[in-house]
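Each chain gets a letter, A, B and so on, in the order its sequence line appears, and its residues count up from 1.
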2 protein chains.
Amino acid sequence: MNGSHEGTGQAAPRRRSDARRNERALLDAAAAVFVTSGVEAPVRDIAARAGVGVATIYRHFPTRAELIIAVYRHQVEACAEAGPALLASTTPHAALGRWINLFVDFLVTKHGLAAVLRSDEAGFDTLHAYFVERLVPVCAQLLDAAAAAGEIRSDVDAYELMRGVGNLCIGADHDPRYDARRLVELLIAGMRVPR
Amino acid sequence: MNGSHEGTGQAAPRRRSDARRNERALLDAAAAVFVTSGVEAPVRDIAARAGVGVATIYRHFPTRAELIIAVYRHQVEACAEAGPALLASTTPHAALGRWINLFVDFLVTKHGLAAVLRSDEAGFDTLHAYFVERLVPVCAQLLDAAAAAGEIRSDVDAYELMRGVGNLCIGADHDPRYDARRLVELLIAGMRVPR
DNA sequence: TTGCCAACCGGAACCGGGTTCCGTATTGTT
DNA sequence: AACAATACGGAACCCGGTTCCGGTTGGCAA
């Protein structure tokens, strides 16, 4: 970890100062635009906000999806790390429930992120893969613990559960009649062992 | 109802024969293309397959979404009508479960339909509205019956449930690791009254 | 049959939105 | 001060939905 933002500890070959400055500006601009216009905001808007040409985005992030990953890396990381912490602090079942709630809160507060996670357009498989890689193992750990404690059925797959929860969060904003959290609760309730 | 395909009984003012022929061709072509390439197939493909110009599509269906509605109207109708029938033939809870399965099977077998149902792009709100109008009341009826029989919690909203189920079906094709049906079952299980 | 006009049609054109290209500007090093 | 290497901006390109326009055709009336 050297102040840059990549997960693998590659030795970054020292880039030019303006390059670093622009990358920073882009991440900030993207974060701001995502909050106001949603994750699906046009690339040009982000470039404009950062006071930068469009190509600069693609020079730093091979695709729109990678920019999104970069913007949310911290939070995904935090969520992943919260898993084991929760597991150490309560019963497995409660830990699982709280962790899922963390994930749901994260998704629901990022306009359009859940939808884009499931988009099958070229490039977004990277985004999907990143979330899966980082979060599914954590979920599996919580799931295993709860199953071992006999609190939930043992035939629930972590990947499937994460995808299901993610799907339930799609479009949870701009529709007051739809509360993703409630449905996720139902889903979790459905996992309890019968009796 | 005069042989055409609109739900409201407007007296269609007798169109020219080629117009009728082309509409037929378009519906057939669209159905075929949807099966092979999914619901998100380009409009141009459908026009080509029907041996027709793109504008002809828009002359018959104000937007892509309306074409999709027209193609699936029969099946949605059938699903809606199956609700009361099921209710008359078994216990409310079983009827609800089977009806939801019907709906899930419908969505899962139409590549991309569930996703497009949730797309917030302009024009697709019509599609969403149609599904809601036609199916939510049926679901509400089943839900009420099951709740009245004390088989499920009574705080589940029909609209919310339908949206949740629809969401769970997104991307259920081309991913063998994800089985929407299983998750829907969990969701339904979560609705049973505690105890 | 022929002629006429409204109804219809095909494809080119237009409008975003993501991605790439290319000539130019900046950095930092000697 | 001068020169590479590195970055940059914006125009250009591709693709998909939607609209426009000049030509065609179906059906009716003479």
Transitive ILVMFWY side-chain link I170(B) to V165(A), under 4.5 Å: no

R21(B) CZ to dA7(C) P: how many Å, rounded? 18 Å

Is any side-chain N or O of H60(B) closer than 4.0 Å to OP1 or OP2 of dC9(C)? yes

In whole angstroms, the gap separating P of dG16(D) from CG of D120(A) amounts to 13 Å

N22(B) side chain N/O closer than 4.0 Å to the phosphate oxygens (OP1, OP2) of dC9(C)? yes

With a sphere of 6.0 Å drawn around CZ of R20(A), does it hold more than 12 non-hydrogen atoms of other residues, nucleotides or ligands? yes

Between C1' on dA6(C) and CZ on R14(B), what's the gap in Å once rounded to a whole number? 16 Å

Less than 4.0 Å between a side-chain N and a carboxylate O, is that true for D175(A) and R163(B)? yes

Side-chain (S37(B)) to main-chain (F34(B)) donor-acceptor, under 3.5 angstrom: no

What is the separation between atom CD1 on I57(B) and atom P on dC9(C), rounded to the nearest whole Å? 12 Å

Residue pair V132(A) / M162(A), side-chain heavy-atom distance below 4.5 Å: no

Between C1' on dG17(D) and CD1 on I68(B), what's the gap in Å once rounded to a whole number? 12 Å

Whole-Å distance separating the CG atom of D45(A) from the P atom of dG16(C): 13 Å

Min side-chain heavy-atom separation R24(A)-L27(A) under 4.5 Å: no

Starting at the 5' end of DNA chain C, which residue's closest nucleotide do you reach first, E121(A) or R16(B)? R16(B)

Toward the 5' end of DNA chain D, which comes first, A41(B) or S17(B), by nearest nucleotide? A41(B)

Please state how far atom CG in D18(B) lies from atom P in dC28(D), giving the value in whole angstrom units. 13 Å

Where do N or O atoms of nucleotides 19-23 of chain C meet protein N or O atoms at under 3.5 Å, pair by pair?
from    : atom 1 : to     : atom 2 : distance (Å)
dT19(C) : OP1    : T63(A) : OG1    : 3.3
dT19(C) : OP2    : Y58(A) : OH     : 2.7
dT19(C) : OP2    : R64(A) : N      : 3.4
dT19(C) : O4     : R44(A) : NH2    : 3.4

Using the rule that Ile, Leu, Val, Met, Phe, Trp and Tyr join whenever any side-chain heavy atoms are under 4.5 Å apart, tell me whether V184(A) and L86(A) fall into a single cluster. yes

What is the distance, rounded to the nearest whole Å, between atom CZ of R15(B) and atom C1' of dA6(C)? 16 Å

